Peer 1: 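What follows is a structure written as structure tokens; I'll ask about it next.
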Amino acid sequence: MAMEAAVALPLFLFLLFSCHVSNPSLAQTPIPRRPDGFVYVGDPLVTDSIQVDAFLDPLCPDSRESWPPLEKAVEFYFPRLSVVVHPFPLPYHNNAFLACRALNIANKLNESSTFPLLELFFKYQEKYYNEPTENMSRASIIDDMAKLAVTVVGSSLSEFLSGFKASETDTAARISFKYGCSRGVSGAPFFFVNGFLLPNAGSPLDFSEWRRIIDPILGIEVLDHVLSYQ
Ligand SMILES: *[C@@H]1O[C@H](CO)[C@@H](O)[C@H](O)[C@H]1NC(C)=O
Ligand SMILES: *[C@@H]1O[C@H](CO)[C@@H](O)[C@H](O)[C@H]1NC(C)=O
């Protein structure tokens, strides 16, 4: 009983506090002009395709592992799969929000460089892990990311760097994060297919797993001998 009371008081205080912060009239995330995310392929609003929403952290190894099989699935099902990527920076990856912001800057300066930059982050993500950057200033990490980004964006370094000062790229990166939170995303990669969260969220899916998920939705008979050589 004493234990319950000890738990109940902090819980009560927490609920009291959270009622204040979650007042919907105060806590509404700004609603963007277009649905959140970067469209990788297809137009989920127009075509009769299966929509995959991928919440990826550019600095997360499992997100990196999940990307090539998803690309393979996109090729395999083309044009019946739409893929929208939502950058989702995990708070324990110290530089992930900066990387997500860089993606928004790239998207604004040159839309077709968004995914090339995401792939560059996957390729060089180890550079930006917590430990190797522990003694680096935030400014020098931004500088390093900008130098990486301009190789695919095609803008000048100073133009890219000024994107880090623009509040709209900060807002855009926050919106993606908040949108993920509102969908219950708590790790990366998280995948939703036609709005439904796939099991084993937080782990990469390989191509045969994508086939096991998508084939039945499209009415394709899943043949074990087809899957066995994947
Ligand atoms: C960061 O600085 C500390 C103290 O000088 C040093 O021990 C550590 O090896 C440095 N880390 C890196 C990744 O350079
Ligand atoms: C935009 O980015 C793409 C992909 O990196 C690149 O091929 C293209 O040259 C860039 N456009 C400009 C105007 O630099």
Side-chain angles (χ1 to χ4, degrees), residues 29-60 63-64 66-89 95-125 128 141-180 182-183 185 188-193 195:
T29 299
I31 297 173
R33 168 75 180 75
R34 304 252 316 144
D36 184 70
F38 303 129
V39 176
Y40 177 63
V41 68
D43 189 340
L45 295 180
V46 174
T47 58
D48 174 32
S49 53
I50 290 183
Q51 184 174 349
V52 174
D53 283 289
F55 290 82
L56 305 177
D57 177 341
L59 302 187
C60 151
S63 296
R64 176 184 64 191
S66 75
W67 185 245
L70 180 57
E71 278 185 300
K72 196 171 168 192
V74 163
E75 246 172 67
F76 181 79
Y77 291 109
F78 185 83
R80 302 180 75 186
L81 210 59
S82 295
V83 175
V84 176
V85 171
H86 309 265
F88 191 77
N95 303 311
F97 188 78
L98 292 178
C100 292
R101 206 163 160 191
L103 290 175
N104 280 287
I105 298 166
N107 186 256
K108 186 167 167 280
L109 292 174
N110 173 0
E111 206 178 325
S112 41
S113 70
T114 315
F115 288 99
L117 180 57
L118 178 64
E119 285 166 5
L120 271 189
F121 275 129
F122 285 153
K123 189 169 174 193
Y124 295 109
Q125 65 175 209
Y128 301 110
I141 294 167
I142 286 177
D143 202 59
D144 204 88
M145 285 184 175
K147 282 184 180 134
L148 182 70
V150 292
T151 62
V152 286
V153 174
S155 71
S156 70
L157 186 60
S158 63
E159 196 179 5
F160 199 90
L161 282 170
S162 64
F164 275 103
K165 300 214 182 332
S167 66
E168 66 181 289
T169 63
D170 181 65
T171 304
R174 288 184 197 208
I175 285 174
S176 291
F177 173 74
K178 285 168 188 274
Y179 179 64
S182 77
R183 303 280 304 268
V185 176
F190 264 47
F191 296 107
F192 293 79
V193 172

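Residue numbers count from 1 along this sequence. Note that the structure is predicted; figures quoted are calculated from it, not measured.
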Peer 1: Distance-only, no hydrogens or angles: does the N110 side chain make a donor-acceptor pair with backbone N or O of V153 under 3.5 Å?
Peer 2: yes
Peer 1: State the CG-CE distance between L103 and M145, to the nearest 0.5 angstrom.
Peer 2: 9.0 Å
Peer 1: For F55 together with F192, are the ring centres under 6.0 Å from each other?
Peer 2: yes
Peer 1: Do I105 and F160 come close enough that some side-chain heavy atom pair is under 4.5 Å?
Peer 2: yes
Peer 1: Quick one: does R101's side chain have a donor or acceptor within less than 3.5 Å of a partner on F164's backbone?
Peer 2: yes
Peer 1: Are R183 and K178 side-chain neighbours, meaning at least one heavy-atom pair lies under 4.5 Å?
Peer 2: no
Peer 1: Given side chains that start at C-beta, do those of T114 and L118 come closer than 4.5 Å, heavy atoms only?
Peer 2: no
Peer 1: Do F191 and L70 come close enough that some side-chain heavy atom pair is under 4.5 Å?
Peer 2: yes
Peer 1: Take L56 and F190, measure what side chain to side chain contact (heavy atoms under 4.5 Å, CB included) needs, and give me the verdict at the end.
Peer 2: CA-CA 7 Å; L56 305 177; F190 264 47; over 6 Å; no
Peer 1: Go through the steps for K123 and R64 under the test side chain to side chain contact (heavy atoms under 4.5 Å, CB included), then give the verdict.
Peer 2: CA-CA 8 Å; K123 189 169 174 193; R64 176 184 64 191; over 6 Å; no
Peer 1: Measure the shortest side-chain to side-chain distance between D36 and I175 over non-hydrogen atoms and say whether it is less than 4.5 angstrom.
Peer 2: yes
Peer 1: Measure the shortest side-chain to side-chain distance between S49 and L81 over non-hydrogen atoms and say whether it is less than 4.5 angstrom.
Peer 2: no
Peer 1: Where is the tightest heavy-atom contact between L161 and A146, given as atom of each residue plus distance?
Peer 2: CD2-CB, 3.6 Å
Peer 1: Mind checking the CD-OH spacing from E119 to Y124? Nearest 0.5 Å is all I need.
Peer 2: 12.5 Å
Peer 1: Can you give me the closest heavy-atom contact between T151 and L148, atom names plus distance?
Peer 2: OG1-O, 2.6 Å
Peer 1: Would a line drawn from the ring center of W67 to the ring center of Y40 be shorter than 6.0 Å?
Peer 2: yes
Peer 1: Going through the distances and angles, do F88 and S176 end up as a side chain to side chain contact (heavy atoms under 4.5 Å, CB included)?
Peer 2: CA-CA 7 Å; F88 191 77; S176 291; over 6 Å; no
Peer 1: Check the pair Q51, V193 against side chain to side chain contact (heavy atoms under 4.5 Å, CB included), reporting the backbone distance first and the verdict last.
Peer 2: CA-CA 6 Å; Q51 184 174 349; V193 172; over 6 Å; no
Peer 1: Any sub-3.5 Å donor-acceptor pair from D57's side-chain atoms to A188's backbone N or O?
Peer 2: no
Peer 1: Look only at the side chain of Q125 and the backbone of P58, and say whether a donor-acceptor pair between them is shorter than 3.5 Å.
Peer 2: yes
Peer 1: So do the side chains of F177 and V185 get within less than 4.5 Å of each other, counting heavy atoms only?
Peer 2: no
Peer 1: For the atom pair SG (C100) and CZ (F121), what is the distance rounded to the nearest 0.5 Å?
Peer 2: 8.5 Å
Peer 1: Do the non-hydrogen side-chain atoms of V41 and F115 ever get within less than 4.5 Å of each other?
Peer 2: no
Peer 1: Hey, are N104 and T169 close enough side-chain-wise for a donor-acceptor pair under 3.5 Å?
Peer 2: no
Peer 1: If I compare all heavy atoms of A99 with all of L59, which pair ends up nearest, and what's the gap?
Peer 2: CB-CG, 4.1 Å
